[in-house]
Amino acid sequence: MGRKLKSVWVYHVDAGSCNGCDIEVLDVLSPYYDVERLGVKVVPTPRHADVLFITGPLTRQTRIALKKAYEAMPPKPRIVVAIGTCASSGGIFYNSYALYNTSPQRGRDRLRSGGPEMIVPIDMYIPGCPPSPEEILYGVAQLLGIKEKKMKGEYWIALPPGERSGKENEIEFTIPDRPIPVRYWLTLREELRRVVGYYDRDAVLNDFIELVGRAFESDNPRERLHDLVTGYFLKEKDSRVKVAMRFLENEFWRLVDEYREWGEALKRKYPVTAGV
């Protein structure tokens, strides 16, 4: 971090967390872990704080309070620590309507983004859902210069498929072999979490992709896929999975039609391109 502190005063802000990370922060403050022995003291106002502890993915309701707390801190050192996966990246809520997320990458088939870094600069990330008290203590020890980092930064270059690697930090980028394009898979995966949740999402999606591969072996894949999904219905006993499978069927063909229209529109506008 470029600076060493003998002691720090900390102010904690909850930016919409589920309280899981907050409980771990309280554990660190308890006599069992006794973070005050390292020179860390929690203060009731950001005007006295050297460090800002943030938990939560930054909801729309908390963004103004977080911004005011950050601006109320003394100019130096003004260190911000994101505690937990939600504070580090938005967590599982990164695409929720309730979050404040101004990233241009937000949306379907895009990389996840979010968290308090949307409005305040983050100096240290302590990921985890939630992070253990020991992990938080390790981060605090690095902050104070008591403990040096064990990890070092590495830079990797992903090469196009088929291109040979000539350097140690170059790796070949491989796309998993699926019967559907990657953008279809990413969009279906994101939309499916709203129907069946995270736990069963990948298993259901893999079953559906297998059916899609079998359907496109026939002359009429749309009709064949409908028959395969119906057969899946008769064998499956979980009603949630049935609803998810039917949802995937409808969403898949909607994407096919949508991207086909985009491709035709691009061909009309740019005749020299190959389209989508």
Side-chain angles (χ1 to χ4, degrees), residues 85 89-97 103-114 129 156-165 170-276:
T85 301
S89 63
I92 63 175
F93 309 108
Y94 76 98
N95 204 24
S96 170
Y97 69 93
S103 172
Q105 294 180 337
R106 186 182 185 187
R108 299 183 312 174
D109 65 15
R110 295 292 186 272
L111 298 175
R112 66 174 54 201
S113 62
C129 187
W156 293 86
I157 301 176
L159 300 175
E163 186 173 331
R164 295 277 182 168
S165 175
E170 292 181 344
I171 57 174
E172 182 179 349
F173 179 74
T174 58
I175 299 177
D177 186 17
R178 300 189 183 97
I180 63 177
V182 175
R183 58 169 47 183
Y184 288 25
W185 180 81
L186 288 172
T187 303
L188 291 175
R189 191 171 185 267
E190 285 300 307
E191 297 296 333
L192 187 58
R193 70 185 176 91
R194 299 184 175 91
V195 180
V196 75
Y198 288 92
Y199 186 74
D200 299 319
R201 175 179 63 176
D202 290 341
V204 175
L205 184 56
N206 289 337
D207 289 345
F208 177 75
I209 291 177
E210 182 181 351
L211 297 182
V212 171
R214 293 165 55 186
F216 274 88
E217 294 175 356
S218 64
D219 297 333
N220 192 341
R222 191 180 295 258
E223 182 178 344
R224 176 57 176 164
L225 181 60
H226 182 76
D227 295 339
L228 291 173
V229 171
T230 302
Y232 190 94
F233 262 55
L234 299 177
K235 298 179 181 179
E236 180 60 45
K237 296 181 180 180
D238 193 336
S239 59
R240 298 179 307 114
V241 176
K242 292 182 179 180
V243 172
M245 190 63 67
R246 188 64 74 186
F247 167 82
L248 286 173
E249 179 188 3
N250 297 332
E251 188 70 9
F252 173 72
W253 291 119
R254 186 190 69 78
L255 289 174
V256 170
D257 296 338
E258 179 180 303
Y259 286 125
R260 182 182 293 117
E261 291 178 1
W262 287 359
E264 293 176 354
L266 283 175
K267 287 180 180 179
R268 290 193 297 269
K269 189 173 183 179
Y270 306 104
V272 295
T273 64
V276 177

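Heavy atoms only: backbone and side chains are in, while hydrogens, waters and symmetry mates are out.
A distance-only check finds a donor-acceptor pair linking the side chain of R201 to the backbone of R189 [under 3.5 Å]. In this structure a side-chain-to-backbone donor-acceptor pair under 3.5 Å is present from K242 to E236. Between the N206 side chain and the D202 main chain, a donor and an acceptor come within less than 3.5 Å of each other.
Here the straight-line distance linking atom CZ of F252 with atom CG of L205 works out to 11.0 Å at 0.5 Å rounding. Atom CG of N220 is separated from atom CG of D227 by 9.0 Å, given to the nearest 0.5 angstrom.
Between L188 and L192 the shortest side-chain heavy-atom distance does not fall below 4.5 Å. The shortest distance between side-chain heavy atoms of E191 and F247 falls below 4.5 Å. Annotation: side chain of R183 is in contact with side chain of Y259 (closest heavy-atom distance under 4.5 Å).
For the pair C129 and T85, the tightest heavy-atom approach, listed with the atom from each and the gap, is N-OG1, 3.8 Å. Among all heavy-atom pairs drawn from M245 and V204, the shortest one is CE-O, 3.9 Å. Heavy atoms only, all atoms of each residue included: V196 and A244 are closest at CB-CB, 4.1 Å. The shortest non-hydrogen separation linking L255 to Y184 is O-OH, 3.8 Å.
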For side-chain contact (heavy atoms from CB on, under 4.5 Å), just list the numbers for T230 and H226, CA-CA rounded to whole Å, side-chain angles, deciding distance to a tenth of an Å, and then say yes or no. CA-CA 6 Å; T230 302; H226 182 76; 3.9 Å; yes
List the steps, then state whether side-chain contact (heavy atoms from CB on, under 4.5 Å) holds for E249 with R254. CA-CA 9 Å; E249 179 188 3; R254 186 190 69 78; over 6 Å; no
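Among residue pairs with one or both ends in residues 209-219, none qualify as side chain to side chain donor-acceptor pair (under 3.5 Å); sequence neighbours excluded.
Of the candidates F208, W185, F216, I180 forms a side chain to side chain contact (heavy atoms under 4.5 Å, CB included) with just one, namely W185.
With salt bridges taken as basic N to acidic carboxylate O contacts below 4.0 Å, one links R260 and D257.
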